[in-house]
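This report refers to the structure that appears directly beneath it.
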Amino acid sequence: MDDIAFVDRSEPYDGLHNPSRGRRDDEVDLKSLVIAVHREVWEEFYSWEPEGCAQLIESLVREAPSNVEEEDYGELEDEEEEEVDQLFEEMDLEASEDQDVLLFIDLDNGSPIRSEIVSQGVKVKTFPSHRRYDACTPANRNIHWREGEPDDSKHLAFLPFADDPTFDNAGYANREDQFTRWDWIDDMIDPDLEVIEIEALRRLHFGEAYALSFEEIDAQDVLTPTRSDADSGLVWQTAQRDTLYWPGSSLSSLQDPLSGHGASPSEDDLIGRINKSLVHFCPSLNCLQPYCPTHTFPYTPLSPIKPALSNDRMRLSDGDPCGDSCFRVTDIDRFKDMFYWDQEEMDDLQSVLKVTPDLISCDLAVLCQKPCREVFVKRGEIITNDSIVDPENEHQQAFPEEELEFVDDIVDSWNKFAPKPPCDHEGPCGTDICSCFGANLHCERNCRCGLNCQRRWRGCKCKKGNCSELLKCRCRKVGRECDPDVCSPCGARDPEGRCKNVNIQRGLMSNVEVKTGMYGLGLFACKTIHHGDFIGEYVGDVLWQGYTDHVNELQEHRGLNYLFDLDEAFIIDAARTGNTTQYINHKSGKGASSEARILYVNGEHRIGIFASEVTVFLISLHRNLKARVAKRISRGQEILLDYGEKYWSKTGHSGN
């Protein structure tokens, strides 16, 4: 690689200053500049690295104890061996068929201890080998591989049956229509190269001679991209390991590019702290798991939200009092001058209101650890009537609300659409800028538009405990679970679990166990399961519908099929990842004791297994009556499920 013309190398480079200082202008060949600086750091590093590593290894050497001579070890071993041989010769050991002799030798005393142990034969009854099963990684949620990239099934992670001569591994791996990459041939990230690149980045970005922006450096396509996103790129990768200090970096006076990476926001910057945590914790309100593999859609940083709910409107809102000190049962005008908060407490409340200004005071009281009525009064001091945004104007649509039609309002519409990432934009959700509007879907609780959006699902108004009735609950009619934000009358947010239509999002599985069943392993009830009770969620790897050809090939070879349609775009494969529901065996028709329901749960499709009911016709003299007769799964009974015609059409069997 030739030197670029404007870099003066006539003077020795001292590692502290750049040789081309003062030559930063628009006519500079930036790519050649980046290459030259990178090569310069490369040469410095590898001129230091051999000697530096040798010194480090030598520093780890420890000298042997000075009071023991090296040649004594061999003499002691020989003496021990001779003593043991002599002791064995002196002992009269007579072996017998029913006795074993256990010999203890104490070299300090020189006298052996002899002990005889009588062995007894035990006859073991023959027993069958364990039923065939495949190893499966346990999981309680669906997993989207590679941060939600839909073409993950195009990546071959490993040869599936490398030790099985009956499977054509070579033909399987080399099919061009299936795989675009073999994961095991990816190059390992060399830590040395990271050290070199991060030092080159520092000189190019912070050096006065260059002062290149990260964008300008990335555009040259020489170094690893500096910041691909929140949790990738050169700066992020280097920050995950201990920094190697070497003369080329530790003697430099330039700023460390990692020094600001990961810096914590101030204590009163709640939005900044939330945005920082989004990298590590799932931002979905349905999850909040660290490093969540399920919700892989990108989230933009939070920004302060405009309040739309005044204290007067909050007081008139529906809801039960949270206690004796609730704002709903307090004469606020009488007590408002009696509450004193210091500045730190007011700052905490103000930080919370920037994130969720319209949160009811009952919930704010939990966050602030203060009485509800006090929080209500202090909220009114921070959010005045002048600062309230009229929700009617803020979320005004281009058409009347009664004309809104949504795909997810249609009964059994799970196979007609695929959920979209939550919308996040400025302005109302009545134009194509809104992803929910473009897909003709309701806005959900994770959308940034808030509860006042006209596209938001309004929930049910059932009384507590009544959501188990299919024809009465609005959510159940359209195949939804209740939304804790909008279905408050039914108790969807009630910690006592009175609502019967939140089983999947709460993970309220029945008590079950896996043991030998009708076909191989099966799933059994440990306690009586009544009709309509939630048994468990069917989970696994989420794949695109069109990328399952290679999965079908593997399942045909094993004679097992764990695919389950999720919606229009996705399918669940529980072969490698799943839970106990994958062991439910098949029984056709009325013999099945459970049924699968694909429900829309807070903006995502999920598969629930429920104890089924049987529909019968009662004939009387006057009219025919149709009734739902309750079934139950008794303790110790195997749970069975009708797999459906589509399953058996793929396997070539009848299913009977």
Side-chain angles (χ1 to χ4, degrees), residues 127-188 293-294 296 514-523 536-566 569-586 596 607 641 643-655:
F127 56 90
S129 60
H130 196 282
R131 294 296 184 94
R132 173 191 174 189
Y133 72 97
D134 282 5
C136 178
T137 303
N140 58 5
R141 289 298 307 270
N142 293 322
I143 294 179
H144 290 257
W145 291 101
R146 301 193 183 281
E147 302 184 0
E149 291 184 10
D151 59 348
D152 173 67
S153 51
K154 292 291 185 179
H155 301 168
L156 183 59
F158 55 86
L159 293 176
F161 301 105
D163 56 349
D164 187 348
T166 64
F167 185 78
D168 183 13
N169 277 286
Y172 176 78
N174 286 289
R175 287 182 55 178
E176 295 181 358
D177 60 328
Q178 288 196 157
F179 303 110
T180 59
R181 189 177 78 184
W182 297 344
D183 285 355
W184 62 84
I185 65 173
D186 285 355
D187 293 335
M188 181 192 73
T294 304
T296 55
V514 177
K515 58 183 181 180
T516 301
M518 182 181 297
Y519 308 106
L521 297 177
L523 190 64
E537 180 184 4
Y538 192 85
V539 301
D541 298 330
V542 179
L543 307 175
W544 281 87
Q545 288 274 11
Y547 291 154
T548 58
D549 291 342
H550 70 290
V551 176
N552 292 330
E553 185 176 345
L554 299 179
Q555 294 183 345
E556 289 175 4
H557 180 75
R558 292 180 300 186
L560 299 172
N561 179 7
Y562 294 101
L563 296 179
F564 207 128
D565 286 337
L566 183 61
F570 295 104
I571 192 168
I572 290 180
D573 179 18
R576 295 188 304 172
T577 304
N579 59 19
T580 55
T581 59
Q582 70 166 193
Y583 294 102
I584 299 179
N585 281 315
H586 167 76
I607 302 173
L641 174 71
Y643 290 178
E645 297 180 359
K646 185 176 180 180
Y647 176 93
W648 298 109
S649 65
K650 289 186 176 182
T651 60
H653 300 287
S654 63

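Only heavy atoms go into these numbers, but all of them, side chains included; no hydrogens, no water, no symmetry mates. As the structure is a computational prediction, the values presented were derived from the model and not from experiment.
Side-chain atoms of N585 come within 3.5 Å of backbone atoms of L521 as a donor-acceptor pair (strictly under, hydrogens ignored). Using modelled atom types, one side-chain atom of N579 and one backbone atom of E537 make a donor-acceptor pair closer than 3.5 Å. For the pair N142 (side chain) and G540 (backbone), a donor-acceptor distance under 3.5 Å is present.
Taken to the nearest 0.5 Å, the CG atom of L641 stands 6.0 Å off from the CD1 atom of I584. Expressed to the nearest 0.5 Å, how far CG of L563 lies from CG of L543 amounts to 7.5 Å. Note: Q582 CD to I572 CD1 = 12.0 Å, rounded to the nearest 0.5 Å. Atom CZ of residue F167 and atom CZ of residue R558 lie 9.5 Å apart, to the nearest 0.5 angstrom. Distance check: I607 CD1 to D565 CG gives 8.0 Å after rounding to the nearest 0.5 Å. Between the CG atom in N174 and the CG atom in N169 there is a gap of 10.5 Å [rounded to 0.5 Å].
Among all heavy-atom pairs drawn from A139 and T577, the shortest one is CB-CG2, 3.5 Å. Between L560 and Q555, the shortest heavy-atom contact is O-CB, 2.7 Å. Between C136 and A574, the closest heavy-atom pair is SG-O, 4.0 Å.
Using the six-membered ring where Trp is involved, H144 and F570 have ring planes that are perpendicular, over 60° apart on the 30 and 60° scheme. Classification of the Y643-H586 ring pair by plane angle, with boundaries at 30° and 60°, yields tilted.
Put simply, the side chain of V514 reaches to within 4.5 Å of the side chain of L523, judged on heavy atoms. A heavy-atom distance below 4.5 Å is found between the side chains of L554 and Y172.
Taking F564 as the reference, Y538 meet the ring pair (Phe, Tyr, Trp, His ring centres under 6.0 Å) condition, with sequence neighbours excluded.
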